[in-house]
Trainee: 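My questions all concern the structure below.
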Amino acid sequence: MRGISLSRFLIDQQWQSEAIPSDLRLLIEVVARAIKAISINVGKGALAGVLGEAGTGNVQGEAQKKLDVIANEILLEANEWGGHLAAMASEEMEGPHSIPHRYPKGEYLLLFDPLDGSSNIDVNVSVGTIFSVLRCPEGCPADEKAFLQKGSSQVCAGFAVFGPSTVLVLTLGQGVHAFTLDREVGSFVLTQERIRIPEETREFAINMSNQRFWEPPVRRYVEELLAGKTGPRGKDFNMRWVGSMVADVFRILTRGGIFLYPRDTKDPGKPGRLRLMYEANPMAFIIEQAGGAATTGTGRILDVAPTELHQRVPVILGSRKEVQLVSGYHG
Ligand code: AFP
């Protein structure tokens, strides 16, 4: 289906299924507007002097890129005044960002990774924005505790990939849809409706340089893939690793595959690299809504009870049968 703008799509959904309350619809529109602004900044690259390090670090001790900081500010400013949010949380900020007193407050909580894959910015490879929307528990202050809800409580999740084109992927719990930014008109247009991930695949994504740190189930799984036609899987597999989860997940939504950032022994203090609240949960929600599966290896990502805003988890997601196989190896 072509020519349907994001705004019209959301209004249609609101009338058809009442799945979207009007304040959630407006919230998504504001997030999409912020994503457009981020896309414009990313697209300017060296011309606008936005590449390179910001000279600061985030709460997790990672060096921030200038565009990490710019994208974070764009999302905060765009979403502060709409009246839909109780608070926001971001990879780039230690604690929740309260809505300033001068603005009305709403019932939703917004979490985001403003620029996923930011180490790819300077080499002109796809990056993106990931977001998740939760409901603020009634009668509770919008503090860190309010955010610590299981991924299965998400009311909406999405991500944008700033690649050759800018694509916004969205779920409200009734399937997954993708919208491509029409740069001339300035609006997102529906380009893929009810995306379904093929159950089987011949493609996997993992950072092979971590191989010596993996646990036995992942070692076994990848060894079997690498053995190809003559191994137990009886077919050859291809490998892709962009280093921007948004691009790897978009590929899996488009043509299937499996993505693994498993638990490893590289840093015993970290049970994985990816962050639960604003990377793993929104991606797991999207992948499940597209018919795929998402696990930590030992359990469904969406069932992980969070204990910290910036908690990390192992992530294995994609084509259902492959994910089930790796989970099976974990026992
Ligand atoms: P950055 O946003 O810090 O570049 O991290 C990106 C990311 O969280 C995710 O998008 C990638 O899949 C993963 O890290 C790549 O990690 P490696 O550099 O260890 O392969």
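Please read all numbers here as calculations on a predicted model, not as lab measurements. Whatever order the structure lists them in is the order used to number ligands and atoms, beginning at 1.
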Trainee: For ligand 1, which is the ligand I care about here, please tell me if M245 has any N or O atom under 3.5 Å from one of the ligand's N or O atoms.
Mentor: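 In this structure, M245 places an N or O atom under 3.5 Å from an N or O of ligand 1.
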Trainee: Closer than 4.0 Å to some heavy atom of W241 - which atoms of ligand 1 meet that?
Mentor: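 This gives 12 (O), 15 (C), 20 (O) as the contact atoms.
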Trainee: Run the salt-bridge test on R233 and E223 with the 4.0 Å N-O cut-off and return the result as yes or no.
Mentor: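 Looking at E223 together with R233, the answer is no, because their closest N to O distance does not fall below 4.0 Å.
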Trainee: Note the single closest protein heavy atom to atom 5 (O) of ligand 1, along with its residue, its atom name and the distance in Å.
Mentor: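 Result: R273 NH2, 2.9 Å.
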Trainee: So, is N120 polar-close to ligand 1, with some N/O to N/O distance under 3.5 Å?
Mentor: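 Min N/O separation from ligand 1 is not below 3.5 Å for N120.
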Trainee: Between L274 and ligand 1, which part of the residue brings a heavy atom under 4.0 Å of the ligand: side chain, backbone, both or neither?
Mentor: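 Only the side chain of L274 comes within reach of ligand 1.
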Trainee: Which of the atoms of ligand 1 are close to N207, meaning less than 4.0 Å from one of its heavy atoms?
Mentor: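 Heavy-atom distances to N207 below 4.0 Å select 17 (P), 19 (O), 20 (O).
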Trainee: Nearest 0.5 angstrom please: F162 CZ to D116 CG, how far?
Mentor: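 If I round to the nearest 0.5 Å, the distance is 10.0 Å.
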Trainee: Hey, which atoms in ligand 1 end up nearer than 4.0 Å to a heavy atom of S244?
Mentor: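 Selected atoms, number and element: 10 (O).
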Trainee: Cationic tip of R220 within the cone over Y329's six-membered ring, i.e. under 6.0 Å and within 45° of the normal?
Mentor: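 Yes, R220 and Y329 form such a contact.
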Trainee: Any Lys/Arg nitrogen of R320 or E199 sitting under 4.0 Å from an Asp/Glu carboxylate oxygen of the other?
Mentor: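 A salt bridge is absent here (no side-chain N lies under 4.0 Å from a carboxylate O).
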Trainee: If we only count N/O pairs under 3.5 Å, is F259 in contact with ligand 1?
Mentor: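 It does not: no N or O of F259 is found under 3.5 Å from an N or O of ligand 1.
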Trainee: Under 4.0 Å between a side-chain nitrogen and a carboxylate oxygen: does that hold for K65 and D68?
Mentor: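 So K65 does not pair with D68 through a salt bridge.
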Trainee: What atoms of ligand 1 come within less than 4.0 Å of a heavy atom belonging to E279?
Mentor: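 Counting from 1, the qualifying ligand atoms are 8 (O).
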Trainee: What's the shortest distance from atom 4 (O) of ligand 1 to any protein heavy atom, and which residue and atom give it?
Mentor: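 Heavy-atom neighbour on the protein nearest atom 4 (O) of ligand 1: S119 OG, 3.0 Å.
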Trainee: Any ion pair linking R33 and E29 (charged N to carboxylate O, less than 4.0 Å)?
Mentor: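 Answer for the salt bridge query: no.
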Trainee: Determine, considering heavy atoms only, which of G243, S209, S118, P114 sits nearest to atom 1 (P) of ligand 1.
Mentor: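 Closest candidate by heavy-atom distance is S118.
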